[in-house]
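One structure below.
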Amino acid sequence: MISAHKNMLGIINKIQLSIGDLSDGIGVSQRQLRYWEEKGYIKPIADNEKGVRRYSFLMVGRCAQIKDFLDEGYTLTKAYEKTIEDEQKRKVFRNFIFNQGGNFTINVTDKEHSYGEIDLGAKCEGKELFGVVDKNGVRYELR
DNA sequence: GTTCTGACA
DNA sequence: TGTCAGAA
């Protein structure tokens with residue numbers, strides 16, 4: 001029996017959007033989406049029957065980020081490069097989070113703003129390393 | 001009604 | 001990139 005939680009990953013990967021929904025959803029024209037595909041920046045789901053494009057959760061996120069960089073003034077090429085860089089960095093981050101052993105101890109300090117303190121389970125100079133997020137932002141502390 | 005490809009201002 | 005055509 002697999003937990004419902006673990007099934008979430010599978011469900012998320014089943015989410016597929018039509019080009020119309022993706023276009024309307026992130027404010028990028030269908031013409032642009034097809035052009036980005038032509039440039040090799042995005043790729044619809046492989047098993048697209050009847051020649052109709054379907055986009056995965058990953059692609060939706062990628063398109064949204066490219067769009068944001070575009071709005072910030074970057075050229076399409078730069079927007080794509082920055083997006084891929086971020087994607088790769090996120091993979092490393094997830095790898096770190098999921099492989100650190102699940103030993104983070106988190107203390108919620110403010111439910112309203114999702115502030116809290118995370119015991120990173122690491123020693124530094126004989127003290128415990130904490131990650132803190134509060135109204136002042138994010139920082140590290142040794143206690 | 002939606003999506004596809006190709007073509008052109 | 002927008003937009004239109006003609007077909008699926």
Side-chain angles (χ1 to χ4, degrees), chain A residues 1-124 128-143:
Chain A
M1 187 70 170
I2 297 179
S3 74
H5 246 89
K6 289 187 175 179
N7 279 334
M8 281 175 58
L9 292 176
I11 292 173
I12 287 175
N13 288 326
K14 284 183 180 176
I15 294 176
Q16 298 181 9
L17 258 56
S18 65
I19 193 170
D21 287 339
L22 176 57
S23 174
D24 294 338
I26 67 178
V28 171
S29 70
Q30 296 186 16
R31 174 77 172 80
Q32 282 177 293
L33 258 15
R34 297 190 182 101
Y35 180 63
W36 294 358
E37 178 185 335
E38 184 183 314
K39 299 279 285 185
Y41 296 162
I42 59 176
K43 189 69 183 172
I45 292 171
D47 66 305
N48 55 333
E49 7 67 83
K50 359 178 181 38
V52 176
R53 278 171 258 255
R54 295 292 172 192
Y55 298 92
S56 67
F57 186 76
L58 172 66
M59 283 307 135
V60 171
R62 180 182 297 183
C63 290
Q65 192 164 16
I66 290 176
K67 161 66 172 172
D68 282 340
F69 281 134
L70 243 30
D71 289 345
E72 286 175 31
Y74 291 97
T75 60
L76 175 58
T77 301
K78 268 299 178 185
Y80 169 67
E81 291 174 350
K82 288 177 68 67
T83 295
I84 293 303
E85 282 176 21
D86 271 23
E87 257 178 41
Q88 291 169 159
K89 288 177 181 177
R90 276 196 292 276
K91 285 183 181 176
V92 174
F93 183 66
R94 286 187 208 109
N95 194 21
F96 175 77
I97 295 298
F98 293 132
N99 289 304
Q100 55 81 31
N103 293 319
F104 288 165
T105 297
I106 304 175
N107 177 39
V108 177
T109 57
D110 185 327
K111 295 179 181 176
E112 172 99 23
H113 301 94
S114 293
Y115 291 152
E117 305 170 331
I118 306 172
D119 183 339
L120 298 170
K123 288 283 186 181
C124 189
E128 277 294 316
L129 178 62
F130 284 79
V132 181
V133 54
D134 58 23
K135 63 179 180 300
N136 297 313
V138 173
R139 66 176 180 285
Y140 294 100
E141 288 183 7
L142 288 175
R143 298 176 185 172

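Because only heavy atoms are used, hydrogens play no part in the values below, and waters and symmetry mates are left out as well, while side chains stay in. Sequence lines set the chain letters: A, B, ... in the order given, protein chains first and strands last, and positions in each chain run from 1.
Rounding to whole angstrom units, CD1 of residue Ile66(A) and P of dT1(C) are separated by 10 Å. In this structure, the CD atom of Gln32(A) is 18 Å from the C1' atom of dT5(B), given to the nearest Å. The interatomic distance linking Lys67(A) (NZ) with dT1(C) (C1') rounds to 12 Å, in whole Å. For the pair Leu76(A) CG and dG2(C) P, the interatomic distance rounds to 12 Å; values are reported in whole Å. The interatomic distance linking Tyr35(A) (OH) with dC8(B) (P) rounds to 18 Å, in whole Å. Distance, Leu22(A) CG to dC4(B) C1': 16 Å, rounded to whole Å. In this entry the distance linking CZ of Arg34(A) with P of dG6(B) reads 12 Å, nearest Å. Atom CD in Gln30(A) sits roughly 16 Å away from atom C1' in dA5(C) (whole-Å rounding).
A sub-4.0 Å separation between OP1 or OP2 of dC4(B) and a side-chain N or O of Arg53(A) is present. Contact check, Ser18(A) against dT2(B): no side-chain N or O comes under 4.0 Å of OP1 or OP2. At least one side-chain nitrogen or oxygen of Ser29(A) sits closer than 4.0 Å to the OP1 or OP2 atom of dG2(C).
Residues Lys78(A) and Glu81(A) are paired through a salt bridge, judged by an N-O separation under 4.0 Å between the basic side chain and the carboxylate. By the 4.0 Å N-to-carboxylate-O rule, Asp86(A) lies too far from Lys82(A) to be salt-bridged with it.
Put simply, the side chain of Asn95(A) never gets that close to the backbone of Lys91(A): no donor and acceptor are under 3.5 Å apart. Without hydrogens or angle criteria, Arg62(A) side chain to Tyr41(A) main chain gives a donor-acceptor distance under 3.5 Å.
Taking the side chain of Ile19(A) as heavy atoms from C-beta on, and the options dG2(C), dT1(C), dT3(B), the nearest nucleotide is dT3(B).
For dT3(C), its base sits under 3.5 Å from the side chain of Arg31(A) at one donor and acceptor pair at least.
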